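What follows is a single structure, written as structure tokens, with notes after it.
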Amino acid sequence: MAKINAGIATSHVPAIGAAIDNGLTENEYWKPLFDGYEFAKTWMKAQKPDVILLVYNDHATAFDLNLVPTFAIATGAEFKPADEGWGPRPVPNVMGYPKLAAHIAQSVIQDDFDLTVVNTLDVDHGLTVPLSLMFGQPEQWPCRVIPIAVNVVLYPTPSGQRCYNLGKALRKAVESFDEDLNVQIWGTGGMSHQLQGPRAGLINKEFDNAFLDKIVSEPAALAKTPHLEYINLAGSEGIELIMWLIMRGALNDQVDVKKRFYHVPASNTAVGHLVLENK
Amino acid sequence: MAKINAGIATSHVPAIGAAIDNGLTENEYWKPLFDGYEFAKTWMKAQKPDVILLVYNDHATAFDLNLVPTFAIATGAEFKPADEGWGPRPVPNVMGYPKLAAHIAQSVIQDDFDLTVVNTLDVDHGLTVPLSLMFGQPEQWPCRVIPIAVNVVLYPTPSGQRCYNLGKALRKAVESFDEDLNVQIWGTGGMSHQLQGPRAGLINKEFDNAFLDKIVSEPAALAKTPHLEYINLAGSEGIELIMWLIMRGALNDQVDVKKRFYHVPASNTAVGHLVLENK
Amino acid sequence: MAIDKPYKKVPGTTIFDADMASLGFHLNQFCMSLMKAPNREKFKQNEQAYLDQWPMSDEQKAAVLARDYNKMISLGGNIYFLAKIFSSDGISFQAAASTMTGMTQAEYAQMMLSGGRAPDSSNTLKKDN
Amino acid sequence: MAIDKPYKKVPGTTIFDADMASLGFHLNQFCMSLMKAPNREKFKQNEQAYLDQWPMSDEQKAAVLARDYNKMISLGGNIYFLAKIFSSDGISFQAAASTMTGMTQAEYAQMMLSGGRAPDSSNTLKKDN
Ligand SMILES: [Fe+3]
Ligand SMILES: [Fe+3]
């Protein structure tokens, strides 16, 4: 049986990808951030996941205003890093897992989640930066990845509760797949940040740290946080945090916190990171 | 306040469109079919709807295997008839209603339906044949149309219950829009037909007539019909009937049947048609 | 996989699920290309050469060349995609459907005029399946 | 419309909802075109001529030419789309963000290093709003 054993949360700031790609991880600005990911990199080598369900959002890359899916799952075999306007990131192609992805799609659609099924998908920094943070700069990514894209760009996004429930449906889907697989789920984006308007640069350490607490200990209550509270207190782009709830919904109610990390800033953004194992 | 006052159900067979476009509606084969739509054409002139929510499916026209949304709503201003391989149908462009469509998207996404929002969309026979059946061959369609596309091509489609519930959410969305609008909802596709394999040509009059009964008098029970029953008894393409449940869910529990019509065949398909008014 | 697929047992019927879609991806995307008139022209001029541009299996290509729709469906083709082939050939949906049934076009047309293929125990699953 | 839009009241913040997306459709799709290198070249050679190919308002075009990001946002631009413009210009996200705040780039960078813009009663809604 396939099983989700652990969850990762991490911000996915494009500047982090640029720092890795340009060899700047040891400089004064970036070193404190990358130090925060050393635990996860070591831990990951021991975990050896077979597949990652990688929850992220596209940032006007693969999806433009012609078509905005609320939730999309990618069932293709291989995904190229996208050219976001300055050439594709120099990272390996991402290998999918069509059979498991199709199985998940079938299961969650029958559980009343109205997924869009995508085959061809160029993946942007939202997906590739977390891979770089966890795996460094390998020739090939060490495992398969199923991209799950969430709309957080065009309002309304799905509610936090809907995301949390999708996590639970994903777990059920994985557990009904009859290959033996060690599966992880990653929730990416956030933490507090606002990239636009006179309020750009908003960072809310209190909100972020409360979120880091609650997503561990009281996720069901946290899932009820309305959109407005994210926007108001965590910045217009802080709404990305709803993607962490999908990850959390797919884990046990009780989890062990193997690592917790919080850092300000990466470019315009507060960076948060968790490594969670099912208890 | 905007209000859904009536619902139409009709099959949307491409050959019906070809018969209209080629002036064959009076011939021996087609006349009995088109006679069945005379009531609706007259009734429609008196109804003068402002907007139609037109539930249909794309038949590998706008959506290929690269991307399959379970539910999509089109928020664009204008939609062209698609070239399905033999040139676009000679019918007017379809004028959308961006403001109402966006309002509906916002409302139903917040009600936990994970819609895909589409702007640019070429509409195929699934949408244009019902318009031709109800309005004939005008220079311009007499009202606005919001296309709502449902995946019935790639299994699994949404369940009948999910479709029925979406209808209820659409109704709530329309009723919270504060322009005075006379809105109709149309559910298209079906009835029994199978276009493929050794069993092609399956027609199930008993199933179809029971469906025509139950969608009027016991829609909530009908919504529980599993996929397998449609496929087994109404043919692999008979699954299109789930789209009628979206229409029905948006109406009152009690409706008046203004017209009921059933005819076999149109090409490979049984044709069913209802005109329903809220009681 | 542990998800039940009872629809696999419906007689004479192939349900286009994710497994079939994966098998037939390139076959179906080739079909989509025929929605553009210039591509239809190229296909008609040299079917084999046109097909060779797509990463399809030889079996899929042979089924297209033979217009064997049942075979194409067994190899992941979906009828709404395959319709682009018979539309290019100028053949109606009814004519194309008849080729899958083992009937002549005239026999099939007559069956439809007489009310279609009736469901019976040979072509439907029993309730308890 | 009867749907509440309380997010409209958050200070210094524009939420990209369907109304804004409708207003900014062509502006944002113009931005998407800049993801292709040949288009970036054409845009750089003659910005006005390139913009004139898109059915954007004169106000939207003027805001692009002036790189007035607050103005572009008020006219329906979304920051992830607008990012294609400042990426073409070779400007970082942080530099672009600073232009919207009335601070110099250095002041903004320093604010971020010092922990970012703290939330307070001037830049957030009160609980009961
Ligand atoms: Fe992001
Ligand atoms: Fe249809």
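These numbers come from the heavy atoms of this one structure, side chains and all, not from hydrogens, waters or symmetry mates. Small disclaimer: the values here were computed from a predicted structure and weren't measured. Throughout, protein chains are lettered first and strands after them, A, B, ... in sequence-line order, and every chain is numbered starting at 1.
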Close side-chain approach of B/Asp64 to C/Phe25, heavy-atom, < 4.5 Å: no
Minimum side-chain heavy-atom gap C/Val10-B/Leu228 below 4.5 Å: yes
Per-residue contact mode, B/Tyr29 against chain C (heavy atom under 4.5 angstrom): side chain
Distance, nearest 0.5 Å, that separates CE of C/Met111 from CG of B/Asn268: 8.5 Å
Contacting moiety of B/Thr61, where chain C heavy atoms sit under 4.5 Å: both
Side-chain heavy atoms of C/Met32 within contact of B/Leu65, under 4.5 Å: no
Interface moiety of C/Phe93 toward chain B, non-hydrogen atoms closer than 4.5 Å: both
Side chain / backbone / both / neither for C/Leu113 at chain B, heavy atoms under 4.5 Å: both
Side-chain donor-acceptor contact under 3.5 Å, C/Tyr80 with B/Asp58: no
Close side-chain approach of C/Thr124 to B/Arg199, heavy-atom, < 4.5 Å: yes
Chain B contact via C/Thr14 - side chain, backbone, both or neither, heavy atoms under 4.5 Å: both
Residue C/Asn78 versus chain B: region with a heavy atom under 4.5 Å: side chain
Anything under 3.5 Å between a donor and an acceptor, one on a side chain of residues 153-162 of chain B, the other on a protein residue two or more places apart or in another chain? List them.
from     : atom 1 : to       : atom 2 : distance (Å)
B/Tyr155 : OH     : B/His227 : ND1    : 3.4
B/Thr157 : OG1    : B/His227 : NE2    : 2.8
B/Ser159 : OG     : B/Arg162 : N      : 3.0
B/Gln161 : NE2    : B/Asn165 : OD1    : 3.1
B/Arg162 : NE     : A/Asp112 : O      : 3.3
B/Arg162 : NE     : A/Asp114 : OD1    : 2.8
B/Arg162 : NE     : A/Asp114 : OD2    : 3.4
B/Arg162 : NH2    : A/Asp112 : O      : 3.1
B/Arg162 : NH2    : A/Asp114 : OD2    : 2.6
B/Arg162 : NH2    : B/Asp112 : O      : 2.8

Region of C/Met112 in contact with chain B, defined by heavy-atom distances below 4.5 Å: both
Side chain to side chain, B/Gln196 and C/Leu82, heavy atoms closer than 4.5 Å: no
